[in-house]
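The shown structure was predicted, so the numbers you read here are calculated from the model rather than taken from an experiment.
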Amino acid sequence: MSFVNYLINGVSLGSVYAIIALGYTMVYGIAKMLNFAHGDVIMIGSYVVFVATGSMGLPPLAGVLLAVAACTVLGVVIERVAYKPLRSASPLAVLITAIGVSYLLQNVALLIFGADTKSFKSVVTLPALRLAGGQLTITGETIVTIVSCIVIMIGLVTFINKSKAGQAMLAVSEDKGAATLMGINVNGTIALTFAIGSALAAVAGVLLCSAYPSLTPYTGSMPGIKAFVAAVFGGIGSIPGAFIGGILLGIIEILSKAYISSQLSDAIVFSVLIVVLLVKPTGILGKQIREKV
């Protein structure tokens, strides 16, 4: 029964990684850039909820909605200020800028909140589910996290495939020049992508800190890197791939901690990624793209 418990915890953690990875994979799939500041947007969203529910006394749902709104605006501002001027720059320049934005957000959080670890109060009020005579316990945070991940993925796939804005995103991801000629606002579409990805980061941050109730300015760093690994693992640019990659990564991490070593779990996660990329460089659901020269 302990294995089932570990498996459920792995799916729960993987669901958080999957939600974060969806933001990575959307931005890369449409803007063809890696937003390494994405993990720190998670941290900002968590601090917004921490202040809203603690200092301001708002109910948890209002705090989450405020965090989603704040991170959405933050994502658009980051795209406009830091990335839009580099639209035609080299990928290296964009990557360095993303790292700079990441450190900027971390240091702003350090100045405002300090380096001390804050105790994060869970926003989930759902009671734990006990099965098999109490041997199997599924926390409310686990249930909400898994359900949220599934709902978000289904909603995102439906939005991309059925809505006009989603079709515009697909067009921009295929060819920005052709999309412009067809009358699509490329800059607006990319900004919308950042807004959606940042909103998802806020949700992921709240779920992560509810399950692991501690908060520092560096809270989003490692989950952000692991979510990027999950996106590459599943096939970066693929929404179902980000979902599958996140779930698998969470299961591998939890089982590694339980049966091998908690200190080596991160190394095992990255080793698995290396093996997968050696066997299938495009990831699990990634497509091989041939370029004519």
Side-chain angles (χ1 to χ4, degrees), residues 2-25 27-28 34-43 46 91-92 95-96 98-103 105-106 115 117 120 139 141-142 145-146 149 201 204-205 207-238 240-286:
S2 60
F3 174 78
V4 178
N5 259 320
Y6 293 141
L7 200 61
I8 292 171
N9 290 335
V11 172
S12 176
L13 180 61
S15 296
V16 174
Y17 290 157
I19 295 172
I20 306 170
L22 288 172
Y24 271 117
T25 206
V27 169
Y28 180 81
L34 298 173
N35 179 24
F36 279 113
H38 193 63
D40 299 288
V41 177
I42 298 167
M43 173 267 298
S46 301
L92 182 60
L95 180 62
I96 293 171
I99 294 172
V101 173
S102 173
Y103 281 115
L105 293 177
Q106 286 180 14
T117 301
F120 189 93
T139 64
E141 286 80 8
T142 296
T145 300
I146 294 172
C149 179
L207 293 173
L208 178 68
C209 289
S210 292
Y212 303 91
S214 63
L215 179 59
T216 72
Y218 306 105
T219 291
S221 298
M222 186 54 74
I225 293 172
K226 288 180 181 176
F228 171 68
V229 170
V232 175
F233 194 7
I236 194 161
S238 168
F243 175 77
I244 293 171
I247 297 296
L248 289 177
L249 202 73
I251 292 173
I252 291 169
E253 180 177 340
I254 294 296
L255 292 182
S256 299
K257 285 180 178 179
Y259 293 109
I260 302 175
S261 168
S262 59
Q263 295 177 333
L264 292 176
S265 60
D266 289 346
I268 292 168
V269 165
F270 292 117
S271 298
V272 169
L273 173 71
I274 293 170
V275 172
V276 169
L277 292 182
L278 286 173
V279 176
K280 198 174 190 300
T282 56
I284 296 172
L285 297 184

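Atom CG of Leu278 and atom CD1 of Ile274 lie 7.5 Å apart (nearest 0.5 Å). To the nearest 0.5 Å, the span separating CG on Leu13 from CG on Leu207 amounts to 11.5 Å.
Contacts of Val229 classified as side chain to side chain contact (heavy atoms under 4.5 Å, CB included), with partners at least two apart in sequence or in another chain: Leu249, Phe270, Leu273. Residues meeting the side-chain hydrogen bond (donor to acceptor under 3.5 Å, both in side chains) test with Thr139, sequence neighbours left out: Thr142. Under the rule for a side chain to side chain contact (heavy atoms under 4.5 Å, CB included), the partners of Pro240 that lie at least two apart in sequence or sit in another chain are Ser238, Leu285. In this structure Leu92 satisfies the side chain to side chain contact (heavy atoms under 4.5 Å, CB included) test together with Ser90, Ile96, sequence neighbours excluded. Looking at residues two or more places apart in sequence or on another chain, you find a salt bridge (charged side-chain N to carboxylate O under 4.0 Å, His left out) between Glu253 and Lys226, Lys257. Not counting sequence neighbours, the partners of Ser261 by the side chain to side chain contact (heavy atoms under 4.5 Å, CB included) test are Gln263, Leu264.
Closest of all the heavy-atom pairs between Ile42 and Gly205 is CG2-CA, 3.2 Å. Pairing each heavy atom of Ser46 with each of Phe120, the nearest pair is O-CE1, 3.4 Å.
For the pair Ser271 (side chain) and Ala267 (backbone), a donor-acceptor distance under 3.5 Å is present. Side-chain atoms of Ser12 do not come within 3.5 Å of backbone N or O of Ile8 as any donor-acceptor pair. Within the 3.5 Å criterion, the main-chain N or O of Val11 finds a donor-acceptor partner in the side chain of Ser15.
Screening residues 10-22 for salt bridge (charged side-chain N to carboxylate O under 4.0 Å, His left out) gives no qualifying pairs among residues at least two apart or on separate chains. The stretch residues 214-238 participates, sequence neighbours left out, in these ring-ring contact (aromatic ring centres under 6.0 Å, His included) pairs: Tyr24-Phe228, Phe36-Phe228. Counting only residues at least two apart or on different chains, no salt bridge (charged side-chain N to carboxylate O under 4.0 Å, His left out) pair has a member in residues 268-277.
Ring-plane geometry between Tyr259 and Phe3 is classed as tilted, the angle between the planes lying from 30 to 60 degrees on a 0 to 90 degree scale.
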